[in-house]
Amino acid sequence: MLDIQVLRNDLAAVAARLKTRGFELDTAQFELLEAERKTIQTRTQELQAKRNATSKLIGQAKAKGEDVSAIMAEVGALGDELKQLETKLPQVLADMDAFLAVIPNVPHAGVPVGMSEADNVEVRRIGDIPKFAFEVQDHVSIGEGLGGLDFETATKIAGARFSLLTGPLARMHRALAQFMLDTHTDKHGYTETYVPYLVNADSMRGTGQLPKFEEDLFRVPRVVGDDGVEKNFYLIPTAEVPVTNMVRDEIVALEKLPMKFVAHTPCFRSEAGSYGRDTRGMIRQHQFEKVELVQMVHPEKSYEMLEELLGHAETILKQLGLPYRVVKLCTGDMGFSAATTYDIEVWLPAQNTYREISSCSNFEAFQARRMQARFRNAAGKPALLHTLNGSGLAVGRTLVAVLENYQNADGSVTIPDVLRPYMGGMEKLSK
RNA sequence: GGAAGCGUGGCCGAGCGGUUGAAGGCACCGGUCUUGAAAACCGGCAACGAUGCGAGUCGUUCGUGAGUUCGAAUCUCACCGCUUCCGCCA
């Protein structure tokens, strides 16, 4: 959510910056809503003030035993208009809120302007791309060759875009998550968290998935109470949602900042609108695991912390010996809530390209404003936090990357050194 | 699933339908005292919103939503959450 004050004071400038990310702000509509809001709100408050003052007089007169019928008639006269306005005002405010809720964040000044992925800017490349003296296989062939990767059975159990791992492959999947968690908690100072995988609509709204992107989510309806009212749970599309919402409607003490949390959770995405993309393998699934880094920080520190968080995610790839590059997303390629985003892309030999494995973003106060997530500043006043998050990393895609980058001519896969302690000392996956 | 109780400011905790935005305490900020600190004492201290250049003024908010009333933290109803007891249970 953008700051409505900024829209009031600097509408044209905001519209221009939003245009760089491909969003047309309806400034006429805003001005219309704002004018209506102002008229109704000021008139309502005026009448309320009059009512309050008169009611106070009644109390005083009654205490003295005076006749109050004349004043009562006076208040009664306010009744109709006030009642009408008091019904109208929340509607107008809700209209404005609905208008604001679908406006994406304003890109930070340092974000390259562009319309698509093609305009993203490469920041660095790390690691040497492996050379193979044989024809490389993709992770599906490798996994099926080894045994333990079975899409047919997954499809039988659930449907398309699910996977089934068994044996050493399942173990390596777990090992990766464990290794990531241990690294972030022991070396990077994050607090491990276990969170709900089903969340309410307020939480989804807080981080920006709702109201605009409901079709990307798995919705779980449930009947609540005796009156049969239906409310929804939503399966989390990322741990960002439950973890960031920990501070919703909170005012945290200055000394508690920065707050750094890591959570390993499944993530559920409907992948509506991605029919036909990445249909083979584990790249794009309805359910996948991710180790997520989340920070709530002082607004002055958020860009510094973003670089740090990005480094934490990169550490995992370095430790695993996987080649990758860091890309700064352009205005047109960023997510709805982000002010700045770096993607980390890992090298996938079978695709002969880099593929996204992590996305690290600074949301500035965009999510905090929706969540009313605040801290008490040096002056003792509540102020909005900045929130950040990044994958550290997507576990399924990391498994894919390990299988492909560590494959051998005989179809076996060498286990990266850092994973061996988590694999009972095993050095190789083979048939 | 059954029974009872409870939801008040950053935290704890009072609160007759009418100067209650809300006693008191803690925390926090400023001051006096002190070589410094602590203690003690004095003072300040809710959030959000509207409006104004500004000091300010006004409105809303006591779990949420409806209702009664000229007026609701206080009365009524529904819902949500928490606690305790019984039953069931991974």
Side-chain angles (χ1 to χ4, degrees), chain A residues 1-9 30-31 33-101 194 196-203 205-206 221-233 242 245-257 259 296 298 365 368-385:
Chain A
M1 193 104 81
L2 299 182
D3 184 353
I4 192 167
Q5 301 288 0
V6 174
L7 287 170
R8 284 176 190 148
N9 297 333
F30 176 80
E31 281 168 338
L33 283 169
E34 174 62 6
E36 192 185 16
R37 190 228 95 225
K38 192 162 179 170
T39 310
I40 290 172
Q41 187 162 11
T42 50
R43 180 63 182 156
T44 305
Q45 294 189 354
E46 192 182 314
L47 292 177
Q48 284 172 331
K50 197 177 274 184
R51 181 199 58 198
N52 291 346
T54 317
S55 290
K56 200 167 266 184
L57 286 180
I58 293 174
Q60 286 166 3
K62 273 197 164 172
K64 290 186 218 154
E66 293 168 5
D67 176 51
V68 293
S69 56
I71 327 180
M72 297 270 275
E74 199 181 314
V75 193
L78 299 175
D80 274 355
E81 189 185 356
L82 185 56
K83 194 156 260 175
Q84 211 171 21
L85 286 171
E86 282 184 337
T87 315
K88 191 79 195 280
L89 181 60
Q91 290 169 4
V92 173
L93 292 176
D95 287 348
M96 179 56 94
D97 191 62
F99 180 81
L100 294 176
Y194 170 79
Y197 303 155
L198 287 164
V199 300
N200 57 35
D202 285 342
S203 292
R205 169 171 278 269
R222 56 164 183 156
V223 173
V224 140
D226 297 330
D227 54 359
V229 173
E230 196 170 271
K231 288 198 175 176
N232 294 314
F233 276 135
N245 274 280
M246 284 166 68
V247 293
R248 173 153 54 85
D249 294 322
E250 298 288 333
I251 300 177
V252 306
L254 184 60
E255 313 82 70
K256 295 236 171 107
L257 302 182
M259 300 169 85
M296 297 84 172
H298 192 287
R369 188 170 294 109
R370 291 171 159 250
M371 292 190 297
Q372 282 305 296
R374 297 171 291 173
F375 70 104
R376 210 167 275 284
N377 66 20
K381 290 291 163 201
L384 294 171
L385 292 163

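Just so we're on the same page: letters track the sequence lines, and every chain starts at 1.
With both ends at atom P, the span from B/G25 to B/A46 equals 15 Å, rounded to whole Å. Comparing the same atom, P, in B/C89 and in B/C80 gives a spacing of 25 Å after rounding to whole Å. Of the C1' atoms belonging to B/G17 and B/U76, the separation is 13 Å, rounded to the nearest Å. A distance of about 45 Å separates the C1' atoms of B/C48 and B/C88, rounded to the whole Å. With P as the reference atom, B/C16 and B/G56 are 33 Å apart, rounded to whole Å. One C1' atom belongs to B/G2, the other to B/G9, and the distance between them is 36 Å to the nearest Å. Look at the P atom in both B/G63 and B/U74: the space between them is 8 Å, to the nearest Å. Comparing B/A27 with B/G54, their C1' atoms sit 33 Å apart, to the nearest whole Å.
For A/S203 and A/N200, the side-chain atoms include at least one donor-acceptor pair closer than 3.5 Å.
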Every protein N/O lying under 3.5 Å from an N/O of nucleotides 54-61 of chain B:
unit_1, atom_1, unit_2, atom_2, d
B/G59, OP1, A/N52, ND2, 3.1
B/G59, O3', A/Q48, OE1, 3.1
B/G59, O2', A/Q48, OE1, 2.8
B/U60, OP1, A/R51, NH2, 3.0
B/U60, OP2, A/N52, ND2, 3.2

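Taking side-chain N and O atoms only, A/R37 has no distance below 4.0 Å to OP1 or OP2 of B/G49. Residue A/K38 places none of its side-chain N or O atoms closer than 4.0 Å to OP1 or OP2 of B/A50.
Following rounding to the nearest Å, A/Q41 (CD) and B/C48 (P) show an atom-to-atom distance of 15 Å. If you take CZ of A/R43 and C1' of B/U51, they are 16 Å apart, rounded to a whole angstrom. Atom-to-atom, NZ of A/K83 to C1' of B/A66 comes out at 13 Å; the value is rounded to the nearest Å. Rounded to an integer number of Å, the gap from CZ of A/R374 to C1' of B/C48 is 8 Å. Taking atom CZ on A/R369 and atom P on B/A47, their separation rounds to 18 Å, with Å as the unit. At whole-Å resolution of the value, CD in A/Q5 and P in B/G49 are 7 Å apart. Rounded to whole Å, the distance from CZ on A/F375 to P on B/C28 is 19 Å. The distance between atom CZ of A/F233 and atom C1' of B/C80, rounded to the nearest whole Å, is 12 Å.
Listed by chain and number, the residues in a side-chain hydrogen bond (donor to acceptor under 3.5 Å, both in side chains) with A/E34 are A/R8, A/R37 (sequence neighbours excluded). A search for side-chain hydrogen bond (donor to acceptor under 3.5 Å, both in side chains) contacts involving A/E86 returns A/Q48, not counting sequence neighbours.
For residues 245-255 of chain A, no residue pair satisfies the salt bridge (Lys or Arg N to Asp or Glu O under 4.0 Å) rule, not counting sequence neighbours.
Taken from CE in A/M296 to NZ in A/K256, the straight-line distance is 12.0 Å, to the nearest 0.5 Å. Expressed to the nearest 0.5 Å, how far CD of A/Q84 lies from CZ of A/R43 amounts to 11.5 Å.
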Secondary-structure string, 5' to 3', Watson-Crick or G-U under 3.5 Å, | for another-strand partners, for RNA chain B: (((((((..(((.....[.....))).(((((.......))))).((((((....)))))).(((((..]....))))))))))))....

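Mapping A/I4 and A/P382 onto RNA chain B via the closest heavy atom, the residue that lands nearer the 5' end is A/P382.
The shortest distance between side-chain heavy atoms of A/L93 and A/Q41 falls below 4.5 Å. Side-chain contact check for A/V252 versus A/L385: some heavy-atom pair is nearer than 4.5 Å.
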Please set out all donor-acceptor pairs under 3.5 angstrom arising from side-chain atoms of residues 368-383 of chain A, sequence neighbours excluded.
unit_1, atom_1, unit_2, atom_2, d
A/R369, NH1, A/M1, O, 2.7
A/R370, NH1, A/R205, O, 2.7
A/R370, NH1, A/L210, O, 3.1
A/R370, NH2, A/A101, O, 2.5
A/Q372, NE2, A/R369, O, 3.2
A/R376, NH1, A/G380, O, 2.9
A/N377, OD1, A/A379, N, 2.9
A/N377, OD1, A/G380, N, 3.1
A/N377, OD1, A/K381, N, 2.9
A/N377, ND2, A/K381, O, 3.4

Verdict with reasoning, A/L100 to A/L2, per side chain to side chain contact (heavy atoms under 4.5 Å, CB included): CA-CA 7 Å; A/L100 294 176; A/L2 299 182; 5.6 Å; no

